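Below is one structure, written out as structure tokens; the observations come after it.
Please read these numbers as outputs of a predicted model, since none were measured by experiment. Quick note on labels: first sequence line is chain A, next is B, and so on, each numbered from 1.
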Amino acid sequence: MDGVLGHLMALERDGMGQQDQHESQRLEMLKVRAVTLRAQRDQLKHQADAVKVRRILKDKISKDLPLDDVDAAGGFIDLQKSLLTAWRMQLKDLQRAHHLIGGYDLVECKEGKSVCVSFHTAFEGVYLETYNMELDLTRTVQISRHNIPPSFPLESIAKQILQKDLKAFLQTLSQKLNAFAGRRQQVCLLKELVGSVEVMESNQLCNILVLMCTAQGETPKAVLCTLEYGDLTQCLPTRVSIECEDKTLSESPQWKKNQSLLLESPAHTALLTMRRMGSIA
Amino acid sequence: MEQKYEEEIQMLQQEIEMLEAEQEETLRSIFIEHGDRLQHELLCLVFEEGGGEQDLSILITEVRELEKDLRRQTEINGIALNECFVKTLHKSERKLVQQLRLAGHCSVLLFQVEFAVTEIQEDDALRRRVTELNIVVDGVEFKDFSAFVSRVEDTKDLLLFFRTLRTFSERCEERRQTFQHFQEKYPDVVSLPEGCRSELMIIRSPQLPGTSMTIFWKIDVSMEGVVKPSLELLLKMSDQAREFDTKKVMENGSNYFQSLLQILGVEASIEGLIRTMFVRSHKTSQRSRRGNFIPNLLFDINTCTITR
């Protein structure tokens with residue numbers, strides 16, 4: 001009993017010891033973090049105070065007053081610093097703006113022997129995947145690396161345009177990648193938002209989509225909608241066919257309207273409308 | 001003890017966030033107020049060799065590099081941004097909300113775009129979306145652009161707007177250059193009543209009063225951003241001339257033009273049209289003086305010659 005109790009007590013002591021160690025380690029970490037943050041805060045505050053001093057000099061500049069007093073001399077470098085910093089901020093904002101509007105974010109690598117470009121894609125305001133590509137510029141323009149999906153007809157596009165006109169190549173690729181991302185996103189959205197519709201068939205390039213909907217009526221009937229995307233630069237189908245065992249249903253004015261909806265608006269939007277109008281389940 | 005540190009850390013983090021936000025705003029406001037003067041004054045500093053103080057030289061190098069990069073982006077993107085105002089509405093560790101106002105041009109086409117963007121850092125990825133979009137375009141080329149702009153504002157498709165703007169500006173530039181080329185080459189015969197940036201070109205010869213050919217070069221933009229140029233020919237003949245129009249040139253002229261376009265392309269087809277006027281006026285100046293002129297513009301599509 002003594003032995004066991006003693007053993008247990010020893011274990012307890014050890015345990016507490018470890019916990020103590022843990023605690024003191026954590027305390028140390030917190031202390032260090034607090035000190036670092038304090039330093040950062042102080043530096044920012046110092047910079048902000050310095051700006052207040054520079055405001056006087058700014059005033060002088062805007063009133064076109066001479067800046068060559070002894071007073072201003074030391075502060076002049078500070079002023080230049082803050083002006084340069086402001087200029088840098090504007091340039092960074094401009095870089096970000098180019099990035100946000102879908103620019104290629106061109107970066108020179110290997111001392112100008114190659115460049116890297118990015119293709120940003122978006123659909124209905126939501127930014128989607130970014131695809132990257134390295135182009136080797138040594139003798140002719142060649143694609144050396146990329147992460148564009150293999151199902152994409154990259155080779156044929158490159159063969160047609162890349163050598164003649166780099167910008168046209170980038171533009172065509174960007175157009176097609178965006179359309180592809182848009183079509184793929186529509187499939188995701190319709191699976192998410194319109195659970196009652198089943199995706200029977202879809203392919204890597206997302207240029208064919210076969211959906212099964214349930215038409216509302218006295219007896220619910222299965223309707224097969226086939227969307228063919230003949231134009232790879234577009235997110236909308238070029239052909240929509242409606243098939244149903246019940247011919248009167250597929251020929252009905254309501255379903256003719258549904259066919260137009262599917263041709264004119266994104267798949268998920270069209271199906272949501274159809275559901276809202278009571279056409280499908 | 002721990003708690004005291006944790007509280008202090010949280011308070012410091014908040015203070016830092018606030019100070020950083022203030023600093024950004026101050027820098028942006030400095031640029032807005034003194035942007036021009038600033039670049040003028042510092043231009044020599046930045047773009048000449050030579051040092052300056054240690055701290056400054058690092059900044060100067062950074063600014064130089066950034067300017068170089070910006071020129072690169074402007075060139076490859078085909079979009080020049082003259083104005084860029086950024087307002088940060090919310091900034092925290094995981095979320096950023098900003099409003100941007102951009103103004104610039106794509107070749108000669110001017111635009112102004114205002115949009116709001118929200119970025120949320122989720123575990124695996126950065127989710128970014130455009131939540132507001134307002135677009136203003138300016139220029140005589142944009143008269144049929146508004147349906148597209150409305151659609152793009154509704155769908156918040158900022159990227160589609162700029163992709164389409166680029167393609168549209170290329171087609172407009174082709175048209176402008178072609179029109180200008182012909183006006184300079186044949187100033188007596190070709191006129192651009194609405195300027196070289198419009199869609200109208202009129203071909204008239206002083207020797208053939210009452211007869212004119214008007215070319216409409218439209219550049220259509222669908223709501224989905226598909227840019228489609230199309231050319232049409234409108235023939236006008238004086239009543240006198242029309243009496244002699246046995247070959248029905250008035251009726252068939254525009255179809256002939258469409259066939260020409262398919263075979264020869266735009267420039268050669270327009271050149272062909274213009275030359276008929278010349279040929280006419282040279283050969284028949286005698287006749288027209290006697291008022292006995294028979295315009296018989298027959299294009300032989302196969303040999304591309306003009307015969308009576």
Answer yes or no: are there more than 12 heavy-atom neighbours, outside B/Lys87 itself, under 6.0 Å from its atom NZ? no
Just wondering, do A/Tyr127 and B/Leu159 contact through their side chains at under 4.5 Å, heavy atoms? yes
Ranked by heavy-atom pairs below 4.5 Å to chain A, first place among B/Met11, B/Glu75, B/Met18, B/Lys4 goes to B/Glu75
What do you reckon, is CD of B/Glu25 surrounded by more than 12 foreign heavy atoms closer than 6.0 Å? yes
Region of B/Ile16 that comes under 4.5 Å of a non-hydrogen atom in chain A: both
Quick one: what part of B/Thr118 sits under 4.5 Å from any heavy atom of chain A, side chain, backbone, both or neither? neither
B/Val86 vs A/Arg96 side-chain heavy atoms within contact, under 4.5 Å: no
Go through B/Met223, B/Arg127, B/Glu62 and name the one with the most non-hydrogen pairs under 4.5 angstrom from chain A. B/Glu62
State, yes or no, whether a side-chain contact exists between B/Gln23 and A/Thr85 at a heavy-atom distance under 4.5 Å. no
Run through B/Gln14, B/Glu20, B/Gln13, B/Glu15 and flag the one making a side-chain hydrogen bond (donor to acceptor under 3.5 Å, both in side chains) with A/Arg41. B/Glu15
Which atoms of B/Leu102 approach chain A - backbone, side chain, both or neither, heavy atom under 4.5 Å: side chain
Considering all heavy atoms of both residues, which atom of A/Ala97 and which atom of B/Leu81 are nearest to each other, and what is their separation? CB-CD1, 3.8 Å
Between chain B and each of A/Lys31, A/Arg33, A/Gln40, count heavy-atom pairs under 4.5 Å; write down the option with the most. A/Lys31
For A/Thr121, is it the side chain, the backbone, both, or neither that has a heavy atom closer than 4.5 Å to a heavy atom of chain B? backbone
Between B/Arg166, B/Glu170, B/Arg163, which is the residue that forms a side-chain hydrogen bond (donor to acceptor under 3.5 Å, both in side chains) with A/Gln171? B/Arg166
Check whether B/Phe115 gets within reach of chain A through its side chain, its backbone, both or neither, counting any heavy atom under 4.5 Å. side chain
At their closest point, which heavy atom of B/Arg28 faces which heavy atom of A/Asp93, and how far apart are they? NE-OD2, 2.6 Å
Part of B/Thr131 lying under 4.5 Å from any heavy atom of chain A: neither
Given heavy-atom pairs under 4.5 angstrom as the criterion, report whether the side chain, backbone, both or neither of A/Gln95 touches chain B. both
By a 4.5 Å heavy-atom criterion (distance strictly below it), what part of A/Leu100 contacts chain B: side chain, backbone, both, or neither? both
Just do the side-chain contact (heavy atoms from CB on, under 4.5 Å) check on B/Asp69 and A/His98 with the steps written out, would you? CA-CA 11 Å; B/Asp69 184 65; A/His98 270 282; over 6 Å; no
When B/Leu158, B/Thr155, B/Ile9 are compared by non-hydrogen pairs under 4.5 Å with chain A, the top option: B/Ile9
Quick check for you: among B/Lys156, B/Arg128, B/Glu6, B/Glu8, which has the greatest number of heavy-atom pairs under 4.5 Å with chain A? B/Arg128
Largest heavy-atom contact set with chain B, pairs under 4.5 Å, which of A/Lys92, A/Gln234, A/Glu108, A/Gln175: A/Glu108
Please look at B/Asp154 and chain A and tell me whether the side chain, the backbone, both or neither of the residue comes under 4.5 angstrom of a heavy atom of that chain. neither
Which answer fits A/His120, side chain, backbone, both or neither, if we ask what part of it has an atom under 4.5 Å from a heavy atom of chain B? both
With only heavy atoms counted, which part of B/Glu132 is less than 4.5 Å from chain A, the side chain, the backbone, both or neither? neither
For atom NZ of A/Lys167, is the number of surrounding heavy atoms from other residues, nucleotides or ligands below 6.0 Å larger than 12? yes
